[in-house]
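Here's the structure, in structure tokens; my notes come after.
Scope of the values below: all heavy atoms of this structure, side chains included, with no hydrogens, waters or symmetry mates. Numbers here are sequence positions counted from 1.
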Amino acid sequence: MSKIKYVKPIAELQGDEMTRILWDWIKEILLEPHVELNTEYYDLGLIHRDETDDLVTKEAGEAVKRLGVGVKCATITPNNQRKEEYNLKRLYPSPNGTIRAILDGTVFRTPILVKGITPYIPTWTKPITIARHAYGDVYKATDVRIDGAAKAELLVTHADGSTEKYPVHDFAGAGVLQGMHNTDKSITAFARSCFNFALASNMDLWLGTKDTISKIYDGRFKAIFADVYEKEFREKYEKAGIGYEYTLIDDCVARVVRSSGGMVWACKNYDGDVMSDMLATAFGSLAMMSSVLVSPDGNFEYEAAHGTVTRHYYKYRAGEETSTNPVATIFAWSGALAKRGESENNAELVKFASELERATIATIESGYMTGDLACIFKADGITPKKLNSRDFLKAIASNL
């Protein structure tokens, strides 16, 4: 059987630990038998990042920007324990944070719904998409350790050389200090991405921040969203029969929990990080969440929203069998292939990506799945069968 081909390469960003193993298996079992993969490869494994002084991460981000489509494996953001384990030269920043800063986009994360897996919040009958601002805040912050008594001030030097100084805190003893930022340009791009995504999905858009406390910083998000909505989207939303509203983040959480779902929930960077994991878990599993970073200039990076599954990797390395869920990584590949197919009017490639997703869901719904799903799956007349990772991928291949 001839393989499906496409012209422009996809940026392939391989990562760490168990997800790195799954990455190769997905290509071997599901993709390469059907598609002639054309990728520009970047090894974002922690060892190679250390060897290149993290230059490879920046090159990978620029490649996604240049090629327009990328697919990324989960990666380690090292802490002190990882620094010692991998004998690293230094503590490298989050690869996701570095790439998102290059692309300055919005991360859209949506649960992958499967019959037989009921959300822990049973009223959630429709998917909830988290729109996470992928720039600034704590991910580009400057952290400082204060060793003793000190006076902390925020100094702003303007282009004309004039300065402004703002008091932060008078430390009587040791403590910590953090300075973070955002830009009107990035927040505006975030707003437009959210409004366009919700409009295309025919879903209401909610924004939640804490402008009652962070009056200027969070208040800027509220003001820019309101301005973009009034000038560019109100008429379109009213015509489509959908709405936009702003609420405080704590009220937003309460309303989402009481809802039936079916909205796009716009969050600042850190809020989106936390809430997307909460949603994924409440819908069934961290590995059942699709994730795509969309930049303002139309570049797309598809990724698995979860971590590198360290515990399973140690078992795998010890020769033990694992039942690690690869669904989010499969959907990262299908998303990237579909987007490349769309960009080249390649109907065959788009169809393959769709069929791969259908085969993955059908495999689970027929009772064959990994351990994280087997313990929560309930369907009349079906007894879930727990498979190891490779056998699960082979079952999907059979359905495909």
Side-chain angles (χ1 to χ4, degrees), residues 8-17 19-20 23 37-78 82 88-109 131-142 180-183 185-190 192-193 197 268-270 272-273 276 290-308 328-329 331-333 335-340 343:
K8 193 172 183 179
I10 292 170
E12 178 186 349
L13 285 52
Q14 192 168 12
D16 288 294
E17 298 190 320
T19 47
R20 186 181 182 91
W23 191 266
L37 292 177
N38 178 14
T39 69
E40 198 171 288
Y41 178 81
Y42 294 87
D43 183 358
L44 297 193
L46 189 51
I47 294 172
H48 190 59
R49 276 183 274 151
D50 189 55
E51 289 171 348
T52 64
D53 292 315
D54 209 31
L55 180 62
V56 66
T57 307
K58 296 172 185 175
E59 291 174 343
E62 293 295 341
V64 176
K65 199 171 183 178
R66 173 168 42 82
L67 298 173
V69 181
V71 57
K72 181 182 175 297
C73 180
T75 47
I76 295 170
T77 300
R82 294 294 205 164
L88 303 177
K89 300 171 191 171
R90 58 188 175 91
L91 289 176
Y92 298 99
S94 161
N96 288 338
T98 299
I99 293 167
R100 287 166 190 160
I102 292 170
L103 296 176
D104 187 18
T106 300
V107 177
F108 294 98
R109 289 180 172 169
R132 174 186 172 188
H133 189 207
Y135 176 80
D137 298 348
V138 297
Y139 299 86
K140 292 292 287 183
T142 298
M180 64 184 195
H181 76 281
N182 229 294
T183 69
K185 178 183 176 183
S186 183
I187 299 169
T188 302
F190 173 48
R192 287 200 182 103
S193 293
F197 187 94
K268 289 168 54 191
N269 208 344
Y270 179 77
D273 193 357
S276 61
S290 66
S291 180
V292 57
L293 171 64
V294 184
S295 75
D297 46 357
N299 300 312
F300 296 78
E301 184 220 49
Y302 296 83
E303 63 180 355
H306 54 73
T308 57
T329 307
F331 272 62
W333 272 104
L337 291 171
K339 181 54 65 177
R340 177 54 79 225
S343 71

message: Ring centroids only, cut at 6.0 angstrom: are Y135 and H181 within range, meaning strictly under it?
response: yes
query: Has the side chain of Q14 got a donor or acceptor atom that lies under 3.5 Å from a matching backbone atom of C73?
result: no
query: Checking side-chain hydrogen bond (donor to acceptor under 3.5 Å, both in side chains) against Y92, which of D50, T57, D54 comes through?
result: D50
message: Can you give me the closest heavy-atom contact between L88 and P78, atom names plus distance?
response: CD1-CB, 3.7 Å
message: To check you understand the geometry: which heavy-atom pair defines the closest contact between T98 and P93, and what is its length?
response: OG1-CG, 3.9 Å
query: Is K8 salt-bridged to E40, going by a charged N under 4.0 Å from an acidic O?
result: no
query: Do other residues, nucleotides or ligands put more than 12 heavy atoms under 6.0 Å from L91 CG?
result: yes
- prompt: Got a donor-acceptor contact below 3.5 angstrom from the D104 side chain to the S186 backbone?
  reply: no
- prompt: Minimum heavy-atom separation for R100 to L293, with atom names?
  reply: CG-CD2, 3.7 Å
task: Measure from NZ or CZ of R132 to the centre of the six-membered ring of Y139, then state whether that distance is under 6.0 Å and the direction lies within 45° of the axis.
output: yes
- prompt: Would you call the rings of W23 and W333 parallel, tilted or perpendicular, where under 30° means parallel and over 60° means perpendicular?
  reply: tilted
message: Taking D16 first and then R49, would you say they form a salt bridge - that is, a charged N and a carboxylate O separated by under 4.0 Å?
response: yes
query: Between R109 and E303, does a salt bridge (Lys or Arg N to Asp or Glu O under 4.0 Å) hold up when you go through it step by step?
result: CA-CA 10 Å; R109 289 180 172 169; E303 63 180 355; 3.4 Å; yes
query: Can you list the residues that meet the side-chain hydrogen bond (donor to acceptor under 3.5 Å, both in side chains) rule with K89, with sequence neighbours excluded?
result: D53
